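All values derive from a computational prediction rather than experimental measurement. Letters A, B, ... are given to chains in the order of the sequence lines, protein chains preceding strands, and every chain is numbered from 1.
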Amino acid sequence: MLEIAFIRQNADVVRQAIANKRLSLDLDELLGADKTRRDAIGALDVKRARKNQIAALIPKATKEERPVLIEEGKQVKADIERLEPVLKEATLKYDDLMLKVPSIPRPEVPIGKGEEDNVEIRKVGTKRSFSFKARDHVELMTMHAMVNWDGPRKFAGGRSYALTGTGALLEVAVTRLAIDLLVSRGLTLVIPPVMVKEKAMTGTGFFPLGREEAYAITADELYLVGTSEVPLVSLHAEDTLEASQLPIRYAGMSPCFRREAGAHGKDTRGLYRVHQFTKIEQVVFCLPDEAVAEKEHYTLLGNAEAILEQLEIPYRVALACTGEIGLGQTRKHEVESWMPGRDAYSETHSCSTLGDFQARRSNIRLRMPDGSLAWPYTLNNTAIASPRILIPLLENHQSEDGSITLPKALVPYMNGVEVLKPKS
RNA sequence: GGAGAGAUGACCGAGUGGCCGAAGGUGCAUGAUUGGAAAUCAUGUGUAGGUGCAAGCCUACCGAGGGUUCGAAUCCCUCUCUCUCCGCCA
């Protein structure tokens with residue numbers, strides 16, 4: 001969320017950000033709502049001031065003055081009751097529009113529409129060239145009985161699955177590997193609630209625009225989170241943090257739920273796009289300083305890369321263009337792992353800086369050493385998301401007979417097993 | 001799920017209709033005192049919005065929302081959260 005004063009003074013900058021992020025918000029509508037709201041506040045404050053004056057005068061008034069004042073008080077009360085709905089309506093509209101104002105992308109973010117406009121930063125690792133016909137993860141996982149495909153689709157619907165046997169063990173293994181790496185690098189592991197109130201979704205920027213993406217538990221007015229970023233950031237909602245507490249670095253572990261409402265018919269094969277997955281997410285709160293945030297951003301990116309390195313998965317890092325970064329993000333790097341079955345680098349990690357966007361929305365304050373109040377910056381990045389990460393893991397480490405040679409770092413997490421042999 | 005208690009400023013805590021943004025205490029800050037500290041004394045110490053060049057002024061906020069009243073921290077209703085006991089349960 002941007003500050004209204006900033007929006008008023010930099011309307012063109014905000015308009016440009018709206019256009020570059022491919023949003024449809026009409027800024028003039030917001031500025032109009034702001035004007036209406038401020039006019040209403042002005043008119044109402046005058047009446048309220050008079051109300052308070054009268055209320056203070058009455059106890060001191062003489063018998064004769066009293067009825068006159070009470071009469072005026074009634075009149076003022078009527079005026080207030082007439083003005084309040086005007087303000088309320090203006091405020092509702094204003095609040096609604098404010099939640100749709102994007103943060104301003106940082107200058108280095110390339111302007112563009114879609115994925116094709118993302119800028120590749122680097123490629124790491126070498127794509128394997130296979131001397132045999134490589135299988136995709138669906139074939140491999142089927143050979144290894146790592147997944148039950150059909151059962152869940154009957155009782156849980158499309159895009160559902162059950163990891164079984166070594167498939168399930170692999171998820172536990174990569175998850176634990178990621179946790180250990182992050183903890184060794186100073187992050188605090190958190191297992192947060194995954195059912196949250198609307199304000200957590202709004203506070204982190206996923207609502208209102210992403211409402212269709214979330215599962216709602218209507219009976220209890222709760223929502224299933226699509227990432228532990230939501231509860232981890234919300235952990236400090238309404239708090240005032242001390243500057244000395246920062247940076248706060250969390251590693252969240254949670255199931256994640258996504259309706260994939262806008263992706264019907266897309267990526268339907270296999271486990272690339274599913275409704276439920278497990279993710280270890282990194283979340284950082286830091287001082288509102290671009291240099292500090294930049295350092296944290298690249299540290300988070302480095303953590304993700306270290307995990308891919310341990311898993312011996314070739315990947316590339318791209319700087320997402322304006323059309324591909326979210327409402328609140330000011331900069332996003334995508335880490336795309338090489339997936340031979342798709343013959344493409346595909347997103348497995350997403351590293352974002354959000355500036356004070358989430359802090360403002362979630363009302364996370366920061367007490368600076370000089371006593372002043374500020375808003376901390378927040379950042380996040382995937383550490384590992386499974387089963388998606390199993391796709392490059394299995395596909396890149398397969399042999400001709402379908403067996404999987406596990407990367408060294410993963411072996412201890414698989415009880416010393418080095419090679420997984422297919423069941424059939 | 002049932003019964004009860006509660007929610008006031010950084011913290012503790014008073015306040016059951018009017019001059020209460022809120023007593024008192026603690027903490028914190030500044031100053032005085034001191035060789036220095038403690039103690040003591042004095043002063044100050046919330047957030048947000050509106051307006052103004054500024055000093056300031058006005059408004060809102062005593063868990064949240066609504067109601068009664070000329071006037072609500074205080075009365076009424078709804079909700080949320082916390083605690084205690086009972087029940088159920090991994």
Problem set entry | Flag for A:Gln358-A:Arg361: side-chain donor and acceptor within less than 3.5 Å | no
Exercise. If you check the A:Arg365 side chain, which of B:U80, B:U47, B:G50 turns out closest?
Worked result: B:U47
Exercise. Using the C1' atom in both, what is the distance from B:A42 to B:G50, to the nearest Å?
Worked result: 35 Å
For this session: Report the distance from atom CG of A:Asp39 to atom P of B:U51, rounded to the nearest whole Å.
Result: 9 Å
Exercise. Using atom C1' of each nucleotide, how far apart are B:U45 and B:A22 to the nearest Å?
Worked result: 15 Å
Problem set entry | A:Lys88 side chain near B:G66 phosphate (N/O to OP1/OP2, under 4.0 Å) | yes
For this session: Determine: side-chain N/O of A:Lys77 to OP1/OP2 of B:U69, distance under 4.0 Å, yes or no.
Result: yes
Problem set entry | Per A:Ile70 side chain, nearest of listed nucleotides B:C70, B:G50, B:U59 | B:C70
Exercise. Of all the nucleotides listed (B:C58, B:G50, B:C70), which has the minimum atom distance to the side chain of A:Ala49?
Worked result: B:C58
Exercise. Whole Å only: how far is the CG atom of A:Asp239 from the C1' atom of B:U47?
Worked result: 15 Å
Problem set entry | Donor on one side chain, acceptor on other, A:His349 and A:Tyr315, under 3.5 Å | no
For this session: Select one nucleotide: of B:A72, B:C81, B:G50, the one nearest the side-chain heavy atoms of A:Ile41.
Result: B:G50
Problem set entry | Inter-nucleotide C1' distance (B:U82, B:G44), Å rounded | 34 Å
Exercise. If you take atom types as modelled and just measure distance, does the side chain of A:Asn52 reach the base of B:G71 with a donor-acceptor pair under 3.5 Å?
Worked result: no
Problem set entry | Under 4.0 angstrom between A:Arg37 side-chain N/O and B:G49 OP1 or OP2 | no
Exercise. Considering only the C1' atoms, how many Å lie between B:G67 and B:C58, rounded to the nearest integer?
Worked result: 26 Å
